[in-house]
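Accompanying notes for the structure given below.
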There are 2 protein chains.
Amino acid sequence: MAKLAGVSQPAVSRAFNPGAPITKEKRDRILAAARELGYVPNVFASSLSRSSSKIVAVISGNLNNPFYSESLQCFVEQIQRTGRQVLAFTVQEDQNSDDVMMQALRYPVDGVVVTSATVTSSMVKLSEGLGIPVIMYNRRVPDANLPSVLCDNEGGAAALARRMHAAGARKFLVLRGDPAGSTSMARVQGFRDALKKLKGAQVEEIDGQSSYAGAYRATVSRFDKPLADWPDAIFGVNDIMAIGCADALRGHFGKKIPDDIMLAGFDGIREAQREPYHLATVRQPIERMVTETLELLDAAKSDEGAPAALRVIQGDMIPGVTIQSRED
Amino acid sequence: MAKLAGVSQPAVSRAFNPGAPITKEKRDRILAAARELGYVPNVFASSLSRSSSKIVAVISGNLNNPFYSESLQCFVEQIQRTGRQVLAFTVQEDQNSDDVMMQALRYPVDGVVVTSATVTSSMVKLSEGLGIPVIMYNRRVPDANLPSVLCDNEGGAAALARRMHAAGARKFLVLRGDPAGSTSMARVQGFRDALKKLKGAQVEEIDGQSSYAGAYRATVSRFDKPLADWPDAIFGVNDIMAIGCADALRGHFGKKIPDDIMLAGFDGIREAQREPYHLATVRQPIERMVTETLELLDAAKSDEGAPAALRVIQGDMIPGVTIQSRED
DNA sequence: TTGTAGGCGTTATCAA
DNA sequence: TTGATAACGCCTACAA
């Protein structure tokens with residue numbers, strides 16, 4: 001009730017909205033009074049009359065994977081920069097991702113970004129009914145064709161496969177991530193397919209829970225026996241798993257990387273480029289992917305009827321030091 | 001407009017509010033119709049009439065420090081579990097934390113949790129005027145007495161100092177974090193004071209920007225000269241800096257930890273307990289600290305006039321392998 | 001248990 | 001440029 005400052009209430013609204021028809025003098029007077037009274041406009045109320053709430057929901061998976069916390073950080077930065085805010089959701093292990101999505105849709109947000117969760121078609125229908133665009137980041141939903149931004153997972157994995165093969169590796173082990181996740185599946189597929197075209201390669205696959213601890217455990221339990229048959233090279237479907245694997249190989253088995261075993265990951269998280277690892281990997285250009293995700297979001301707002309866009313972005317090969325030609 | 005389903009509008013409201021006076025039968029009918037029509041209640045609108053918006057703002061610093069991303073993760077989990085949501089804010093390097101705080105206060109949130117930012121007294125006044133409680137997490141504001149939850153930084157640092165001294169260290173180096181941050185200052189102070197009471201200890205301090213890269217650089221530039229005078233032990237004011245330092249010591253200088261130099265950190269982040277480090281450190285019990293922070297928030301809501309609480313929580317000493325008695 | 005009426009703080013529309 | 005007035009979607013009385 002800053003109109004106790006002697007002006008009408010719409011005038012206050014105009015004072016706070018740049019570009020509204022109001023005298024500079026009057027605006028200044030109102031803003032001064034507001035500062036005096038400790039008044040700030042209520043954004044939720046404004047979102048009622050306005051169509052847009054200036055809030056974007058971001059649904060993340062486990063932030064313990066630095067790829068996701070880096071991504072979230074980036075989303076918050078970029079969204080904040082455009083005068084909007086982030087409503088953050090996470091999907092816990094024991095949680096149904098549909099429930100979380102449902103929660104998010106109860107807010108009249110300007111859009112929902114899904115970085116890690118499966119979206120069922122009923123949720124897609126609901127979001128459409130509500131007119132809230134849903135964009136997939138680093139993920140794709142097979143049936144529903146939602147706008148998606150993702151890295152060329154197949155291509156990147158294939159390039160890593162070729163590098164390791166060229167370096168002399170023949171026996172490969174793949175550490176899979178979330179079995180149901182489109183990202184993990186695409187990378188495994190790309191890796192497998194590339195090896196099929198190369199001579200003498202054989203591949204084994206095990207599950208690593210898509211986490212550091214999962215990969216560590218999987219590595220230990222796979223090789224912790226008297227006459228383990230070691231592979232020449234291991235591909236961790238993401239960096240955090242590759243790091244877990246590296247720590248197990250070195251810490252638990254005393255193996256040397258790449259002398260005893262080559263190793264590669266995927267994502268390009270900071271940790272993987274630090275001293276103990278310098279992991280060979282493919283970097284997902286997070287900054288750019290986030291930018292494009294938000295572009296798709298804005299696009300979805302304007303041209304409703306347009307076909308869902310799918311943006312596939314090339315990752316950057318990072319050589320690292322964990323792939324090296326055999327000398328034997 | 002779900003009242004096209006043949007009932008009054010308040011009935012719909014009651015159907016969605018557990019415990020409201022309505023026949024079970026009618027509620028079911030309404031909920032069914034809602035599902036049919038793809039209707040979900042608008043939370044922002046409800047926050048207008050209701051006093052509470054069910055939204056908590058969390059202002060974080062750089063999420064590249066795992067301590068903060070773990071904390072954020074924990075906040076989101078716990079807040080979500082109580083049927084509320086998190087509006088996430090971050091303070092960038094180039095940003096005024098007051099501006100971010102101001103942004104947050106434009107939303108009629110149920111509270112603001114500040115995990116990394118300085119809060120000026122004018123912001124405190126503003127928040128009081130708006131009736132929005134502000135709680136500090138892992139931080140304290142000297143002048144204003146805001147409710148705060150923090151670890152016993154002095155005590156933890158002192159304990160580490162004593163351990164390293166007992167192991168034979170005499171020449172110490174402290175890697176400071178944010179010079180203006182209360183957390184870094186308290187730890188440095190605690191470390192310094194403890195050493196004063198011990199025999200023959202001398203301390204040098206340098207700045208490490210409170211980040212991995214900053215600590216790495218600081219370590220390199222401090223010792224990258226012909227006849228560097230190496231200390232016996234280094235205390236990184238937080239784990240991420242200690243890790244940066246460790247990587248520099250080993251990768252750049254080929255030093256062994258703890259054989260050549262002892263090392264300790266603070267926070268107890270996961271990364272620091274992994275194979276390459278097993279860092280001696282003091283763990284901040286994040287889960288518990290977050291719980292208490294939210295308790296303070298709820299308390300602030302109810303008893304307005306109460307004196308600001310300050311909860312100091314003991315950290316857990318983690319032995320690690322980076323402090324070890326000298327044999328020479 | 002139900003429906004009617006009024007109000008939450010803001011913006012859009014329209015005359016003035 | 002301004003100020004009334006009517007929404008926006010919901011909730012809290014109040015009365016039925």
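First the proteins, then the strands, lettered A, B, ... as listed; each starts at 1. A quick note: this is a predicted structure, and the numbers were derived from the prediction, not measured.
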### Task
Figure out the CG/P separation between B/Asn17 and D/dC11, and round it to whole Å.
5 Å
### Query
Is any side-chain N or O of B/Ser49 under 3.5 Å from a base N or O of D/dC11, one able to act as donor and the other as acceptor?
no
### Query
Looking only at atom types and distance, does a side-chain atom of B/Asp110 sit under 3.5 Å from a main-chain N or O of B/Lys54, one as donor and one as acceptor?
yes
#### Entry: Rounded distance (Å) that lies between atom P of C/dT2 and atom NZ of B/Lys24
13 Å
### Query
Between C/dT11, D/dC11, C/dG3, which one does the side chain of B/Ser46 approach most closely?
D/dC11
Between the protein and nucleotides 13-15 of chain C, which nitrogen or oxygen pairs come in under 3.5 angstrom?
none

### Message
What's A/Pro108 touching, base or sugar-phosphate or nothing? Going by heavy atoms closer than 4.0 Å.
### Response
nothing
#### Entry: Nearest-nucleotide comparison on DNA chain C, the residue closer to the 5′ end among B/Pro21 and B/Ala45
B/Pro21
### Query
What nucleotide among D/dC11, C/dT2, C/dT10 has an atom nearest to a side-chain atom of A/Asn42?
C/dT10
### Task
Go through D/dG9, D/dT2, C/dT1 for me and flag the one nearest to the A/Ile22 side chain.
D/dT2
### Query
Is the number of heavy atoms from other residues, nucleotides or ligands under 6.0 Å of B/Arg140 CZ greater than 12?
no
### Query
Mind checking what makes salt bridge (Lys or Arg N to Asp or Glu O under 4.0 Å) contact with B/Arg106, not counting sequence neighbours?
none
### Task
Examine D/dT1: is either OP1 or OP2 under 4.0 Å from a nitrogen or oxygen in the side chain of A/Lys26? Give yes or no.
no
Could you list the donor-acceptor pairs under 3.5 angstrom formed between side-chain atoms of residues 118-125 of chain A and any protein atom two or more places apart in sequence or on another chain?
unit_1, atom_1, unit_2, atom_2, d
A/Thr118, OG1, A/Ser97, OG, 3.3
A/Thr120, OG1, A/Asp98, OD1, 3.2
A/Thr120, OG1, A/Asp98, OD2, 2.7
A/Thr120, OG1, A/Ser122, OG, 3.3

#### Entry: Options C/dT10, C/dT1, D/dG3, nucleotide nearest the side-chain atoms of A/Ser8
D/dG3
### Task
Kindly say whether A/Ile59 contributes a backbone atom to a donor-acceptor pair with the side chain of A/Thr115 at under 3.5 angstrom?
yes
### Task
Can you tell me the distance, in whole Å, between the CZ atom of B/Arg50 and the C1' atom of D/dA13?
15 Å
### Query
Under 3.5 Å, is there a donor-acceptor pair linking the side chains of A/Arg84 and A/Thr82?
yes
#### Entry: Residues in side-chain contact (heavy atoms from CB on, under 4.5 Å) contact with A/Gln92, at least two apart in sequence or another chain
A/Thr90, A/Asp94, A/Gln95, B/Glu77
### Query
Roughly how many Å is it from CD1 in A/Ile30 to P in C/dT10, rounded to a whole number?
12 Å
### Query
When you measure from the side chain of A/Ser13, which nucleotide among D/dC8, D/dT2, C/dT11 comes out closest?
C/dT11
### Task
Send over the distance from B/Arg29 CZ to C/dT1 C1', rounded to a whole Å.
13 Å
#### Entry: Whole-Å distance separating the CZ atom of B/Phe16 from the P atom of D/dG9
15 Å
### Query
If you look only at pairs with a residue in residues 26-37 of chain B, which of them pass as a salt bridge (charged side-chain N to carboxylate O under 4.0 Å, His left out), with sequence neighbours excluded?
B/Lys24-B/Asp28
### Task
Mind telling me whether A/Tyr107 and B/Phe44 have parallel, tilted or perpendicular rings, with 30° and 60° as the class edges?
perpendicular
### Query
OP1 or OP2 of C/dT11 sitting under 4.0 Å from any side-chain N/O of A/Lys54?
no
### Query
Are the side chain of A/Thr183 and the backbone of A/Asn138 linked by a donor-acceptor contact shorter than 3.5 Å?
yes
### Query
Atom CG of B/Leu48 and atom P of C/dT11: how far apart are they, to the nearest Å?
12 Å
### Message
When you measure from the side-chain N and O atoms of B/Tyr107 to the phosphate of C/dT10, is any distance below 4.0 Å, counting only OP1 and OP2?
### Response
no
### Query
the helix from C/dG3-D/dC14 to C/dA16-D/dT1: angle between its terminal axes, five pairs each, to 10°?
30°
